[in-house]
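Structure first, commentary second.
Nothing here was measured: the structure is a model prediction, and the numbers come from that model.
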Amino acid sequence: MLVNKLSKKTGLSIHTIRYYENLGMIKGLTDEKVKSNNYKHYDGNTIERLEIIVEAREVGFSLAEIKKILTSWFENTDSKPETLELFQAKIKEIDNKMKYFKQTKNLLEKVCEKIQNNE
């Protein structure tokens, strides 16, 4: 499929798809027989990769981290310990953020209580 169709199927803009391709996270193939255009074709694997990218971004992974995940998943590299370490580090980061937000919430609740009591 061409990039327009890929964009419609994934909900990502063409610009975003090309950006991920420039980073080496996805790859489109050109038809060697056709010299008049530079159209790239994408397969179903590309949709799966883009879905992983979107989901990983939503939970806070950086693009560099996502690239490592994609490499591990799709290129059958034996980097399970490295991938596990990456996921465990992200879990710890999320735990720290949750602790911070809980402390911030408690502080805001105390301020609201003081305001309500006219202190």
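Side-chain contact between Asn106 and Glu109 is present, with heavy atoms from C-beta onward closer than 4.5 Å. With a 4.5 Å cut-off on side-chain heavy atoms, Ile53 and Leu12 do not count as touching. Leu29 is not listed as a side-chain neighbour of Lys40, based on a closest heavy-atom distance of 4.5 Å or more. Side chains of Lys110 and Lys114 form no contact here, defined as non-hydrogen atoms less than 4.5 Å apart.
From Ile26, atom CD1 reaches atom CG of Leu6 across 6.0 Å, with rounding to the nearest 0.5 Å. Remark: Leu2 CG to Lys8 NZ distance equals 10.5 Å, nearest 0.5 Å. In this structure, the separation between CD1 on Ile91 and CE on Met98 is 11.5 Å, given to the nearest 0.5 Å. How far NE2 of His15 is from OH of Tyr20: 10.0 Å, rounded to the nearest 0.5 Å. For the atom pair NZ of Lys99 and NZ of Lys102, the computed distance is 10.5 Å after rounding to the nearest 0.5 Å. Of the inter-residue distances, the one linking Leu70 atom CG with Arg49 atom CZ reads 5.0 Å to the nearest 0.5 angstrom.
Cluster annotation: Phe87 is not connected to Ile94 through the hydrophobic network of ILVMFWY side chains, with a link wherever side-chain heavy atoms come within less than 4.5 Å. Cluster membership for Ile14 and Tyr39, using ILVMFWY side-chain heavy atoms within less than 4.5 angstrom, is not shared. Under a hydrophobic-cluster definition in which Ile, Leu, Val, Met, Phe, Trp and Tyr are linked whenever side-chain heavy atoms come within less than 4.5 Å, directly or via other members, Leu108 and Phe101 are assigned to different clusters.
Closest non-hydrogen pair, Thr46 versus Lys27, comes out as OG1-O, 4.1 Å. Residues Met25 and Leu63 come closest through the heavy atom pair CE-O, 3.7 Å. Leu86 approaches Ile69 most closely through the heavy-atom pair CD2-CG1, 3.6 Å. Here the shortest heavy-atom pairing between Arg18 and Val3 reads NH2-CG1, 3.3 Å. What you find for Tyr42 and Glu21 is that their closest heavy atoms are OH-OE1, 2.7 Å.
Side-chain atoms of Asn4 and Ser7 form no donor-acceptor pair, as typed in the model, at a separation below 3.5 Å.
The backbone N or O of Ile47 sits nowhere less than 3.5 Å from a side-chain atom of Lys9 that would complete a donor-acceptor pair. At least one donor-acceptor pair closer than 3.5 Å links the side chain of Lys90 to the backbone N or O of Gly60. In this structure, Thr71 contributes its side chain and Lys67 its backbone to a donor-acceptor pair below 3.5 Å.
Surrounding CD of Glu93 are more than 12 heavy atoms belonging to other residues, nucleotides or ligands, all under 6.0 Å away.
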